Engineer: 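Have a look at this one before I ask anything.
Below, all heavy atoms of this structure are taken into account, side chains as well, without hydrogens, waters or symmetry copies. Remember, it's a predicted structure, so these values are computed and weren't measured experimentally.
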Amino acid sequence: MAIAEQATPAKGSTVRVRPLTKLTGEQFAGDWTPKKASVPVYDLLFEPDVSIPLPDGTILRGDLYRPKADGTFPALVAWSGYTKELQNTGLPLPINEVGQVSYIVSRGYCHLTVNARGTGKSGGDHMMHFSPQEQKDVADTIEWAAAQPWCNGNVGMVGMSYFAAIQYLAAAQQPPHLKAIFPYLGFTDLYRHFAYHGGAFHSGFFAPYYAFVGATQKMSVPPMLRHLMSHIFNRNWIQKQITSFFFKNEKKMPQQMHPEEAWMRDFAELAFDEPYDGPFYQEKSAWPVLDRIQVPVCIGTNWANPGLHMRGAFQAWHGIQAPKKLFIGPPDPRWPWSNYHGEALAWYDHYLKGLDTGVDEQPAVRYWLQGADCWKSASDWPVPEAVTQRLYLATSSNESEGPHSLQGELPSQQTTLKFAAIPQGMQYPKELDKYTTQVLSYLSEPFGEETELTGPIKLQLRLASTAIDTHVIARLSDLSPQGEVRLLSFGWLQASHRKIDEKLSRSDEIIHEHRGSEPLIPGDPVTLSFSLTPTANLFKKGHRLKLEIGSRPDILNATVFDNFIYFPYEAPPYPARNTVFHGGASASYLEISVLGNR
């Protein structure tokens, strides 16, 4: 039964112009409707720049939206190091990720957006993202919110990306009044998911990210203006134009903006001082403490986020022992965060209000099957019924251009193919691209019937290089008989980071140590084993599986215009000619997970 809302005088300013609620994309993970749901009956009160005192005397600042009514309500805390002044403007910026406050608050929740210590209008010294101090601050803020006269003592958290990643760390602190979390698109490993990709610095993301976030820290936008802006910018055509401008100018932005010193020092520390995993990253990552989480968790991700958040969902699924659900939705790279609000409401109606929504009766795992464009469910991830199949890389030609073969049988002959690795920024004649192979392509035979590929993907390469280090990228696609390509999955590894962390690796993901570099001996082959991001795709009859292997992230990439969030990184380190070996005792192969034929 629902939790009683106790009377208390309403304070704060009435919101004369509500932030426009605009829900887009999937709102539920699957084809289901809650048995009960909170209804939008409340007007909004708004208290900007609420003072939140921490035990050490530091004052944080937050924006509080709450129902205009006598009573106490559950509170949802949204926490990040991003300025809160641009939230609720409707601007499609990658920092506007707290959700649609009008939707949430009108249904009987308080929504508190808080700036981390030393960011925005909050006091205290700036610290690197997710520091141990920040983790403690989040827990203290949750307990502060639970004790306020507008809160009934039940607290959850809300938001995607940074706002999601911090939820795991907050829950691991075990604040008594945190009753459940809903992390959507949240990484769990600061080194592998955020700062470095397979050992290569994530510069294509970090440069615009630190420039923009660091330059907007002191912005101040009057609340009424924010709300009015949402009525202008929450329109599809405007948001597409702004998104297009943002991503087309992501290389220019870092040179034109003026971030604060502290943010540039953070960038330099990640890029120059901390190239390997260790205590610096681990104390700021959720994966070592996932087993400390005791509250129910709804873990969400989608197929559009291979470069930042996708792997975190699966690591969280395996590391959390508390009650949990997992959903993986269709590709959706839009901002502000505006999907899965129905799912989040059902989750919190159940765990914070005590309503029988039916969310606890949903399957453990729900995933969007691309190609069929429908939801499916499973009892676990990886899907227990899936069968691993091995496809060997093979060629019948010495010409690297290809395409070459993915086949079920071990090649009878040992063969090799070569591709060039050209570092980003290296000057070379563009005509070279016509005559020097930089990407090897392999195709499976056409599928004879509809076939579902769902689950982990692993690649083993026998490779030699002319340099002491190189980088390898793998990209997997669905190729139609008409030549249409739909991107599915990505993987990457710096060759000198090839040592596998046997303790951290799981049956569904190969995880590398990244504790140091082991240079190559030029010309000597080594074995590189790494995971691509998981996928779920229905290959139609006549379609093929396409595997591409190269070294340039600016070629083997994906963009928001491909329906992906994926940024390039610093690779490869040296000009090199790389050789891939086929057949023999150390054959190169791709492992996929097949869930039967239809």
Engineer: Listed by chain and number, what are the ring pair (Phe, Tyr, Trp, His ring centres under 6.0 Å) partners of W375, not counting sequence neighbours?
Structural biologist: W368
Engineer: Which residues pass the salt bridge (charged side-chain N to carboxylate O under 4.0 Å, His left out) test with R61, not counting sequence neighbours?
Structural biologist: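 R61 satisfies salt bridge (charged side-chain N to carboxylate O under 4.0 Å, His left out) with no residue once adjacent residues are dropped.
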Engineer: Could you work out, with ring pair (Phe, Tyr, Trp, His ring centres under 6.0 Å) as the rule, every residue matching F564, not counting sequence neighbours?
Structural biologist: F490
Engineer: Taking only residues two or more places apart in sequence or in another chain, which ones pass salt bridge (charged side-chain N to carboxylate O under 4.0 Å, His left out) with R226?
Structural biologist: D63, E85
Engineer: Give every residue pair that meets the ring pair (Phe, Tyr, Trp, His ring centres under 6.0 Å) criterion with at least one member in residues 91-121, sequence neighbours excluded.
Structural biologist: Y103-H341
Engineer: Got a sec, which residues hit ring pair (Phe, Tyr, Trp, His ring centres under 6.0 Å) with F280, two or more places apart in sequence or on another chain?
Structural biologist: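 If we apply the ring pair (Phe, Tyr, Trp, His ring centres under 6.0 Å) test to F280, skipping adjacent residues, there are no hits.
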Engineer: Using modelled atom types only, decide if a donor and an acceptor are shared between the side chain of Q27 and the backbone of T24 within a distance under 3.5 Å.
Structural biologist: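 The answer is yes, because a donor-acceptor pair under 3.5 Å joins these two groups.
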Engineer: Quick one: does H514's side chain have a donor or acceptor within less than 3.5 Å of a partner on Y276's backbone?
Structural biologist: no
Engineer: Within the distance-only criterion (no hydrogens, no angle test), does the side chain of T357 pair as donor or acceptor with the backbone N or O of H350 below 3.5 angstrom?
Structural biologist: no
Engineer: Output all residues satisfying side-chain hydrogen bond (donor to acceptor under 3.5 Å, both in side chains) with S489, sequence neighbours left out; order by chain, then residue number.
Structural biologist: T533
Engineer: List in chain and number order the residues that pass side-chain hydrogen bond (donor to acceptor under 3.5 Å, both in side chains) with T535, two or more places apart in sequence or in another chain; answer none if no residue qualifies.
Structural biologist: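 T535 satisfies side-chain hydrogen bond (donor to acceptor under 3.5 Å, both in side chains) with Q370 once adjacent residues are dropped.
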Engineer: Regarding K35 and D356, does a basic nitrogen lie under 4.0 Å from an acidic carboxylate oxygen?
Structural biologist: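 Salt bridge flag = yes for D356 with K35.
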Engineer: Return the set of residues passing salt bridge (charged side-chain N to carboxylate O under 4.0 Å, His left out) with D43 (not counting sequence neighbours), or none when no residue passes.
Structural biologist: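 R18.
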Engineer: Determine, for D49 against K121, whether the closest basic-nitrogen to carboxylate-oxygen distance falls under 4.0 angstrom.
Structural biologist: yes
Engineer: Could you list the residues that satisfy side-chain hydrogen bond (donor to acceptor under 3.5 Å, both in side chains) with W144, not counting sequence neighbours?
Structural biologist: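 With neighbours one apart ignored, the set is empty.
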Engineer: Would you please name every residue forming a ring pair (Phe, Tyr, Trp, His ring centres under 6.0 Å) with Y168, sequence neighbours left out?
Structural biologist: none
Engineer: With a 4.0 Å cut-off on N to O distance, would you call R334 and D332 a salt bridge?
Structural biologist: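 Salt bridge present between R334 and D332.
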Engineer: Strictly below 4.0 Å, N to O, side chains only: are K325 and D360 in salt-bridge contact?
Structural biologist: no
Engineer: Going by the rule side-chain hydrogen bond (donor to acceptor under 3.5 Å, both in side chains), which residues pair with W303 if we only count those two or more places apart in sequence or in a different chain?
Structural biologist: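 Once residues adjacent in sequence are excluded, W303 has no partner under the side-chain hydrogen bond (donor to acceptor under 3.5 Å, both in side chains) criterion.
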Engineer: Would you indicate whether R265, at its atom CZ, is surrounded by more than 12 heavy atoms from other residues, nucleotides or ligands within a distance under 6.0 Å?
Structural biologist: no
Engineer: Got a salt bridge between R311 and D189, using NZ or NE/NH1/NH2 to carboxylate O under 4.0 Å?
Structural biologist: no
